Visitor: 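Please read through the structure below; I'll follow up with questions.
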Amino acid sequence: MTPRPAAARSRRAIALPASMVLTAALVFLPSAATAAPQGGTGSTTPSSSAAAATDGEQLSYVVNLRQGKGVSSVREAIAKAGGTIVEAYGQIGVVVVHSANAGFAQEIRKASGVASAGATRTAPLPAQSTTDLGAPKVLTAEQAEAAAQRAEAGEDPLQPLQWDLPAIKADKAHEKTLGSRNVTVAVIDTGVDDTHPDLAPNFDRAASVNCVTGKPNTADGAWRPSAAESPHGTHVAGEIAAAKNGVGVTGVAPGVKVSGIKVSTEAGFFYTEAVVCGFIWAAEHGVDVTNNSYYTDPWYFNCADDPDQKALVEAITRATRYAERKGVVNVAAAGNENYDLASNSITDPSSPNDTTPAERKIDPRECFDIPTQLPGVVTVAATGAKGLKSSFSNHGLGVIDIAAPGGDSTAYQPPQAPATSGLILGPLPGGGYGYMAGTSMASPHVAGVAALIKSKHPKAGAAVVQALLKLQADRKACEDPYDIDSDGTADAVCEGGRVYNGFYGAGIADALDAVTQ
């Protein structure tokens with residue numbers, strides 16, 4: 001496969017090799033699309049504490065309390081260590097703190113009632129990295145008009161370009177139902193443009209918020225991305241619930257509601273305090289499903305032998321489990337590096353991504369991509385228009401739960417006509433449409449199917465919805481060899497059988513079964 005340049009901050013969406021620029025979704029591409037490196041186990045991680053800012057530079061921290069302890073038990077200790085409480089989530093015992101004391105984490109870990117604590121970033125507030133996020137391939141007016149002429153009765157104008165809907169039988173599902181208005185899917189992401197004509201009819205303002213600082217900002221429109229920010233969240237929201245209204249595209253569950261929970265900074269970072277805020281907000285505001293097409297910065301993998309990274313894992317684990325207890329199904333993208341997440345060793349060249357990354361070998365059984373690898377989170381791999389694992393999609397036996405369309409190079413997996421691109425079409429801020437690709441695009445397909453299941457079974461808890469997702473999935477066997485670029489060399493190794501394997505998990509998500517079984 002064509003080698004890819006070094007890493008992006010998150011798994012939003014990817015571009016494809018420069019030789020395929022005519023079908024590329026983005027001009028920016030995450031890290032090398034190779035299988036896990038050979039040799040080495042365990043984690044060798046640079047100390048995040050050593051990388052942290054010096055005195056005078058303010059960082060953000062999470063302080064995780066011991067079971068049964070309240071915020072009042074640590075308030076004095078936090079102040080004594082030079083910290084200021086930004087928000088306290090008593091439901092899960094997590095406190096968001098700002099401090100300019102470089103030794104804050106070490107000091108507060110010694111306090112009675114503290115289970116763990118760690119810096120959520122290695123750059124001072126605000127984050128100073130402004131790496132380009134790339135841009136979608138925008139659909140032209142001519143392409144839109146050509147698609148509209150091919151649309152059949154009952155189809156939205158751009159639906160002929162959406163090969164991904166029949167790939168999971170969503171078009172057939174829509175003949176039965178579009179989903180329930182009583183179901184809300186929250187897009188925890190870069191923000192959602194709720195003024196887009198394909199999103200406005202289904203947007204749930206009451207379940208939307210800006211969580212970027214770790215403290216909910218409920219100002220009207222605070223959930224929207226600025227003109228300079230990534231269109232990622234808007235695209236994802238449209239894949240889930242773009243209205244079937246005679247305009248643009250159709251979502252997987254076009255009758256359910258969608259909300260925007262903005263957790264990404266203007267520079268595009270998804271920090272722990274924001275992600276924790278997002279899950280708690282969803283749990284407390286009637287959300288049924290969350291979509292998480294990102295990894296939590298600045299560490300791609302968070303290792304238990306590092307006290308800062310350990311604390312980040314604990315904080316987000318508490319948040320996701322709290323949401324699950326409230327009935328929320330959490331769905332997350334598996335990642336775009338073609339990593340085998342079940343291997344003994346992976347080389348991570350991208351962490352910490354908000355200051356200076358240093359190459360490190362990690363053991364993915366001890367170092368976790370969060371929230372993707374957390375217990376109870378549905379981990380989604382991507383497929384292309386031919387139904388094969390996308391060239392970039394992470395995989396791993398025992399890690400991947402299910403697969404869904406995320407797109408791929410049109411050269412690798414071309415769609416059937418009238419679709420023309422192997423990427424995923426969705427709405428963009430400002431009323432436009434464009435193509436993107438990545439496991440970022442696969443995850444919302446599964447979130448949409450989960451919303452259809454919840455519509456069919458409104459009293460089903462999170463565990464039941466997850467079980468139905470897997471039981472109803474279309475079984476998909478491994479390819480042996482998997483040579484997606486046809487160069488004679490296997491590009492990844494799939495382990496497992498037809499019922500469950502490392503490429504597709506339980507299989508390809510099935511929207512028709514979701515509404516009929």
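All figures in this text were calculated on a predicted structure; none of them were measured in a lab.
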Visitor: Under the side-chain hydrogen bond (donor to acceptor under 3.5 Å, both in side chains) criterion, do Y433 and D198 qualify, and how do the steps go?
Guide: CA-CA 10 Å; Y433 298 87; D198 246 342; 3.0 Å; yes
Visitor: Let me see the working for T296 and I316 under side chain to side chain contact (heavy atoms under 4.5 Å, CB included), right down to the final yes or no.
Guide: CA-CA 9 Å; T296 306; I316 294 181; 3.5 Å; yes
Visitor: So, do P225 and P231 sit near enough that their side-chain heavy atoms are less than 4.5 Å apart?
Guide: no
Visitor: Looking only at heavy atoms, what is the nearest atom pair of V287 and S259, with distance?
Guide: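 V287 and S259 have their closest heavy atoms at CG2-OG, 4.4 Å.
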Visitor: Quick one, V252 and L165 - any side-chain contact, counting heavy atoms below 4.5 Å?
Guide: yes
Visitor: Is there side-chain contact between I168 and I508, with at least one heavy-atom pair below 4.5 Å?
Guide: yes
Visitor: Ring pair (Phe, Tyr, Trp, His ring centres under 6.0 Å) for F279 and Y89? Distances and angles first, verdict last.
Guide: CA-CA 11 Å; F279 281 117; Y89 293 100; over 10 Å; no
Visitor: Do the non-hydrogen side-chain atoms of L341 and F301 ever get within less than 4.5 Å of each other?
Guide: yes
Visitor: Are any non-hydrogen side-chain atoms of V249 and Q162 less than 4.5 angstrom apart?
Guide: yes
Visitor: Measuring from L397:CG to N501:CG, what's the distance to the nearest 0.5 Å?
Guide: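 One finds 7.5 Å between CG of L397 and CG of N501.
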Visitor: Hey, does N353 have a side-chain heavy atom less than 4.5 Å from the side chain of W299?
Guide: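 Contact flag for W299/N353 side chains = no.
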Visitor: Answer whether the closest heavy-atom distance between the side chains of N338 and H395 falls below 4.5 Å.
Guide: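 Sidechains of H395 and N338: in contact.
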Visitor: Looking at every heavy atom in both Y500 and I400, which two are closest together, and how far apart are they?
Guide: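 Y500 and I400 have their closest heavy atoms at OH-O, 2.6 Å.
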Visitor: Does R224 pair with D194 as a salt bridge, N-O distance under 4.0 Å?
Guide: yes
Visitor: Should the pair E314-R318 be classified as a salt bridge under the 4.0 Å nitrogen-to-oxygen rule?
Guide: yes
Visitor: Only one of E284, K326, R325 passes side-chain hydrogen bond (donor to acceptor under 3.5 Å, both in side chains) with Q91; say which it is.
Guide: E284
Visitor: Without hydrogens or angle criteria, can the side chains of N336 and T439 be said to hold a donor-acceptor pair below 3.5 Å?
Guide: yes
Visitor: Can you classify the ring geometry of F203 versus W223 as parallel (below 30°), tilted (30 to 60°) or perpendicular (above 60°)?
Guide: tilted
Visitor: Can Q517 and D513 be counted as having a side-chain donor-acceptor contact under 3.5 angstrom?
Guide: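 Per modelled atom types, Q517 and D513 side chains form a pair under 3.5 Å.
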Visitor: Just by distance, with hydrogens left out, do T234 and D193 show a side-chain donor and acceptor under 3.5 Å apart?
Guide: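 No pair is found: no donor N or O on one side chain lies under 3.5 Å from an acceptor on the other.
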Visitor: Under a 3.5 Å cutoff, is there a donor and acceptor pairing between the side chains of N330 and T320?
Guide: no
Visitor: Sequence neighbours left out, what passes salt bridge (charged side-chain N to carboxylate O under 4.0 Å, His left out) with K262? Give chain and number order.
Guide: E229
Visitor: Measure the shortest side-chain to side-chain distance between H232 and H235 over non-hydrogen atoms and say whether it is less than 4.5 angstrom.
Guide: no
